[in-house]
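Chain A is the first sequence line, chain B the second, and so forth, proteins listed ahead of strands; every chain is numbered from 1.
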Amino acid sequence: MESSDPDNQIQESQAGNERDRLVGEQRLMHDRLTKIAALRELGIDPYPRSYRRTHTTAEAVKLLEAAEASHDDPEEHARTEPVSVAGRIMARRGMGKASFIDLKDGSGRIQLFARENILGDKFELLDLLDLGDIVGASGAVVRTRRGEPSVEITDLVVLTKAIRPLPDKWAGLQDIEARTRQRYLDLISNDRAMRNALLRPAIVASIRKFMQGRGFVEVETPVLVPVAAGASARPFTTHHNTLNRGLYLRIATELPLKKLMVGGIEKVFEIGRLFRNEGVDQDHNPEFTTMESYEAYADYEDVMAMVEQLVSTVALETTGSMLLKAPEEGGPDIDLTPPWPRLDLRQEIIKRTGIDFVECDDVESLSGAMRERGIHVEPGLSWARLLDKVISSSVEPHLIQPSFLVDYPVAMSPLAKRKPGVDGIVERFEAFVLGHEMANAFTELNDPVDQRARFEEQESMRKDFKDDEADRLDEDFLVAIEHGMPPAGGLGIGIDRLAMLICREESIREVILFPQLRN
RNA sequence: GGCGCGCUAGCUCAAUGGUAGAGCAAGUGACUCUUAAUCACUAGGUUCGGGGUUCGAGCCCCCGGCGCGUCACCA
């Protein structure tokens, strides 16, 4: 470091002055950039193009355990063949002529044990390393006196110098805004964030496997659509320049999938992103993921059986159990083992509120009954929207263990088939766990004349109640089913909600890597 | 959108209206089995932004920004 060249000394002191002028994060970055320059001075590239590792950290630990298991001389310590590992420096404990480094990779962590007498000149490299840097290290895996599996390193390679510091090594990143805006820091420093990030794709893979195992064909249908139909929601709008026409982002995949039913794909499903131009809160994100499936010749009883099998199987595959233990923050254990109770919607509403929607069959009587029971009534809502409110405020919160609400009023369900022999009721169910709706399904309406009438009713609701979330008439779809859609059972299941359940997270933000923030 | 809460060092958090602090991270030094290493020293602040009240504001008031919670709606 010291130099007899006076110019050099002046430069060094100027550099020192420059450092003194810098404050906070600027100085932290300056120090790291200075180390990068020093590495280059030594002919070391701080960003080499690749590194050949022989073992992940988890594999290295396993290797040591195997060596110890086949080791017969208790006097001598087990020692593996040399390995090469790579990862991010998470902590460092310097001991003068020895140093301990915690290295983290995608599989776990391992300690690096650096000793000057073994590493030689390379020991000085440690002075140029920082927490957050990515390095490669090689050497035999041994166990230290304190029992920690460690790579006793003979070689150390800088793979990436970081120029910004990591979050607090103990507390991690706490601020929810920073955790979502800079999810990479969350993933590095919070184990639960990484667990969730990996659990969700495992859930999706498991769903796909389940559906494919039952002979369902996965398809992709358009995100950009001329009519945002198939559900009750406000759509996002966009514009195609060359075609010079307005388009919507889809709010459901239901109608195109049913067109494929007409076409003869008898078991079909799609896992995809939907977009709804509505609020952001603990369990709503404007873009979210669903799995929708349609099975020809099945009815909603078949679908109910499939849903309880699907959800319990996915939980078993991804967590090893159908029993979801309560998280540390508290809450009930959840048992997903089938069968789940089937609860008649009408009876459940009566049980919780005393309101019988068969008697309160118009807006006046229903809103009156709601007001009597202290349920806030927004003026100008349709009967269907009012009843939906009764259900979500008075029934859903009680559905903690998995259960099905069964048989909905036709006014709430424009795409579901009427239940034979029961006036005003359709064959529809929703699945609930922890008070959240997980799935919505019905025996699909395939009578084209009735379907057209239902759409027209929705259109008039849009006008009469200024309900811009009412479902929309899709002429192309009606023409399709006028050619004959087989009887079918359909399902929509919220992947984000399912991920929340299996991750035992209360907020949708914890299972979406980059959720929408407010404003 | 209404209401409530929050925003202080890179990170995690303190601070009766009265000199803005600690731990981690950083820098210097000591240390060859540590693991939230330890020990000594050093540096690091537009207290989210703007206005106001006050002798004096991180703290009280007003306006704005961002976030969270809650109410309403969608899965």
Report yes or no: does A:R509 contribute a side-chain atom to a donor-acceptor pair with the main-chain N or O of A:I176 at less than 3.5 Å? no
Set of ring pair (Phe, Tyr, Trp, His ring centres under 6.0 Å) partners for A:F100, sequence neighbours left out: A:F113
For a stem of at least 3 consecutive Watson-Crick or G-U pairs with distances under 3.5 Å, i pairing with j, i+1 with j-1 and so on, which stems involve RNA chain B? B:1-7 with B:65-71, B:10-13 with B:21-24, B:26-30 with B:38-42, B:48-52 with B:60-64
Residues at least two apart in sequence or cross-chain that pass ring pair (Phe, Tyr, Trp, His ring centres under 6.0 Å) with A:F429, listed by chain then number, are A:F404
Return the residues of residues 430-443 of chain A meeting this criterion: a heavy atom under 4.0 Å from some atom of RNA chain B. Order them by number, or give none. A:E437
Sequence neighbours left out, what pairs pass side-chain hydrogen bond (donor to acceptor under 3.5 Å, both in side chains) with at least one residue falling in residues 427-444 of chain A? A:K258-A:E444, A:D283-A:H436, A:Y408-A:E430, A:S413-A:R428, A:E427-A:T443, A:R428-A:E430, A:R428-A:N440
Of A:G172 and A:R32, the one whose nearest nucleotide on RNA chain B sits closer to the 5' end is A:G172
Between B:rG56 and B:rG18, how many Å separate the two C1' atoms, rounded to a whole number? 7 Å
For A:K169 and B:rC24, is the shortest distance between a side-chain N/O and OP1 or OP2 below 4.0 Å? no
Rounded to whole angstrom, note down the C1' distance from B:rG64 over to B:rA25. 34 Å
Side-chain contact check for A:R181: nearest option of B:rA37, B:rG67, B:rC13 is B:rG67
Using the P atom as the reference point in each nucleotide, state the distance between B:rG44 and B:rC39 in Å, no decimals. 23 Å
For residues 138-149 of chain A, which side-chain N or O atoms pair as donor and acceptor with protein atoms under 3.5 Å away, sequence neighbours left out?
unit_1	atom_1	unit_2	atom_2	d
A:R143	NE	A:E68	OE2	2.7
A:R143	NH1	A:G147	O	2.8
A:R143	NH2	A:E68	OE1	3.0
A:T144	OG1	A:E148	N	3.2
A:T144	OG1	A:E148	O	3.4

Salt-bridge contact A:R179-A:E510 (side-chain N to carboxylate O under 4.0 Å): yes
Distances under 3.5 Å between nitrogen or oxygen atoms of protein and nucleotides 39-41 of chain B:
none

If you measure from the C1' atom in B:rC59 to the same atom in B:rA14, how many Å do you get, rounded? 13 Å
Pairwise side-chain hydrogen bond (donor to acceptor under 3.5 Å, both in side chains) hits with a residue in residues 118-131 of chain A, at least two apart: A:K35-A:D130, A:K122-A:D155, A:D130-A:K161
Strictly by salt bridge (charged side-chain N to carboxylate O under 4.0 Å, His left out), give each pair with a member in residues 388-405 of chain A just once, sequence neighbours left out. none
Is the closest basic N to carboxylate O distance between A:R93 and A:D102 below 4.0 Å? yes
So, under a plain 3.5 Å distance rule, would you say the side chain of A:D281 forms a donor-acceptor pair with the base of B:rC71? no
Using the C1' atom as the reference point in each nucleotide, state the distance between B:rG50 and B:rA57 in Å, no decimals. 15 Å
Between A:R509 and B:rC68, is there a side-chain N or O to OP1/OP2 distance below 4.0 Å? yes
Any donor-acceptor pair under 3.5 Å joining the side chain of A:D175 to the base of B:rG67? no
Specify the residues of residues 138-148 of chain A, ordered by number, for which at least one heavy atom lies under 4.0 angstrom from an atom of RNA chain B. A:T144, A:R145, A:R146, A:E148
With A:R342, which residues qualify under side-chain hydrogen bond (donor to acceptor under 3.5 Å, both in side chains), at least two apart? A:E308
Measuring to OP1 and OP2 of B:rA37, would you say a side-chain N or O of A:R93 lies under 4.0 angstrom away? yes
Separation between the P atoms of B:rC33 and B:rU38, rounded to whole Å: 16 Å
At a cut-off of 3.5 Å, list every protein nitrogen or oxygen paired with a nitrogen or oxygen from nucleotides 44-46 of chain B, distance to 0.1 Å.
unit_1	atom_1	unit_2	atom_2	d
B:rG44	O2'	A:G24	N	3.1

Lys/Arg N to Asp/Glu carboxylate O, A:R79 vs A:E152, below 4.0 Å: yes
Comparing A:P286 with A:D31, nearest RNA chain B nucleotide closer to 5' gives the residue A:D31
Can a side chain N or O of A:Q282 be found less than 4.0 Å away from OP1 or OP2 on B:rU70? yes
Interatomic distance at C1', B:rC13 relative to B:rG58, whole Å: 14 Å
Which nucleotide in the list B:rA72, B:rC68, B:rA37 gets nearest to the side chain of A:K389? B:rA72
